[in-house]
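This report concerns only the one structure given below.
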Amino acid sequence: MTDARRRSARGRADVGALARRQLELRHVIMFAVADRVMFVQLKTGYDTDKGPAWISYVRFSKSWQTAYWHGKTLRRGRGMFDANFYDVDTEEEYWLSGPHRDRADTRYSDIRPEIDDDVHQAYEAFLRGDPLPGREHG
């Protein structure tokens with residue numbers, strides 16, 4: 001193979017590597033996520049607002065249509081009676097919302113959520129008046 005052909009082949013390889021890297025970056029950007037401190041309540045199998053609840057970090061897709069929580073993939077659903085997300089594997093329904101400073105996260109019960117260890121400090125600061133992480137500007 002001549003030197004010119006080697007340089008040409010190397011250039012194509014470099015272009016291919018660059019194209020693959022751009023595709024990888026585009027994939028990362030497309031699936032950029034936002035982590036939020038959220039109130040999460042299981043609705044399936046329980047009367048209104050009587051299911052177990054958590055204050056947890058929830059990771060959202062860029063479109064906010066998919067949430068990742070406790071190893072579950074939750075999708076935003078429409079037409080559900082008392083829920084706004086469902087588990088794609090089990091079809092269990094959940095209610096996700098921002099926590100309330102007055103701790104009145106449920107409408108019709110006095111269920112107190114379990115607070116995950118990794119969110120405890122941020123949640124306590126929120127209850128004292130600080131903004132939630134990621135929500136400093138609204």
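Applying the ring pair (Phe, Tyr, Trp, His ring centres under 6.0 Å) rule to F85 yields no partners; only residues at least two apart in sequence or on another chain are considered. Under the rule for a side-chain hydrogen bond (donor to acceptor under 3.5 Å, both in side chains), the partners of D116 that lie at least two apart in sequence or sit in another chain are S56, H70. Annotation: salt bridge (Lys or Arg N to Asp or Glu O under 4.0 Å) contacts of D87 (sequence neighbours excluded): K72. Qualifying side-chain contact (heavy atoms from CB on, under 4.5 Å) partners for S97, counting only residues two or more places apart in sequence or in other chains: F39, W95. Every side-chain contact (heavy atoms from CB on, under 4.5 Å) that I111 has, sequence neighbours left out, goes to Q41, A53, T106, S109. A search for side-chain contact (heavy atoms from CB on, under 4.5 Å) contacts involving R112 returns R103, not counting sequence neighbours. Annotation: side-chain hydrogen bond (donor to acceptor under 3.5 Å, both in side chains) contacts of R107 (sequence neighbours excluded): D82. By the side-chain contact (heavy atoms from CB on, under 4.5 Å) test, D117 is found to be paired with no residue, residues two or more places apart in sequence or in another chain being considered.
Across every non-hydrogen atom of D105 and G98, the tightest pair is OD1-O, 4.1 Å. In terms of heavy-atom proximity, K43 sits nearest to A83 at CG-CB, 4.2 Å. Residues A122 and Y57 approach most closely at CB-OH, 3.9 Å, considering heavy atoms. Closest approach of P99 and V37 over heavy atoms only: CD-O, 3.4 Å.
One finds the CZ atom of R76 at 8.5 Å from the CG atom of L96 (value rounded to the nearest 0.5 Å). One finds the CE atom of M38 at 14.5 Å from the CZ atom of R59 (value rounded to the nearest 0.5 Å). Here the CH2-CG distance, from W54 to L42, works out to 5.5 Å after rounding to the nearest 0.5 Å. T90 contributes atom OG1, which lies 8.5 Å from atom CG of L74 (distance to the nearest 0.5 angstrom). Atom OG1 of T73 is separated from atom OH of Y86 by 10.5 Å, given to the nearest 0.5 angstrom.
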* Asked: Yes or no on side-chain contact (heavy atoms from CB on, under 4.5 Å) for V58 and D35, after CA distance, side-chain angles and deciding distance?
  -> CA-CA 6 Å; V58 177; D35 288 343; over 6 Å; no

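Among residue pairs with one or both ends in residues 89-101, none qualify as salt bridge (Lys or Arg N to Asp or Glu O under 4.0 Å); sequence neighbours excluded. Each ring-ring contact (aromatic ring centres under 6.0 Å, His included) pair with one or both residues in residues 99-127, not counting sequence neighbours, would appear here, but there are none.
The hydrophobic clustering, which links ILVMFWY residues whose side-chain heavy atoms are closer than 4.5 Å, places F60 and W69 together. In the hydrophobic clustering of this structure, I115 groups with L132; members are Ile, Leu, Val, Met, Phe, Trp, Tyr whose side-chain heavy atoms approach within less than 4.5 Å, directly or through other members.
Heavy-atom contacts from other residues, nucleotides or ligands closer than 6.0 Å to CG of D110 number 12 or fewer.
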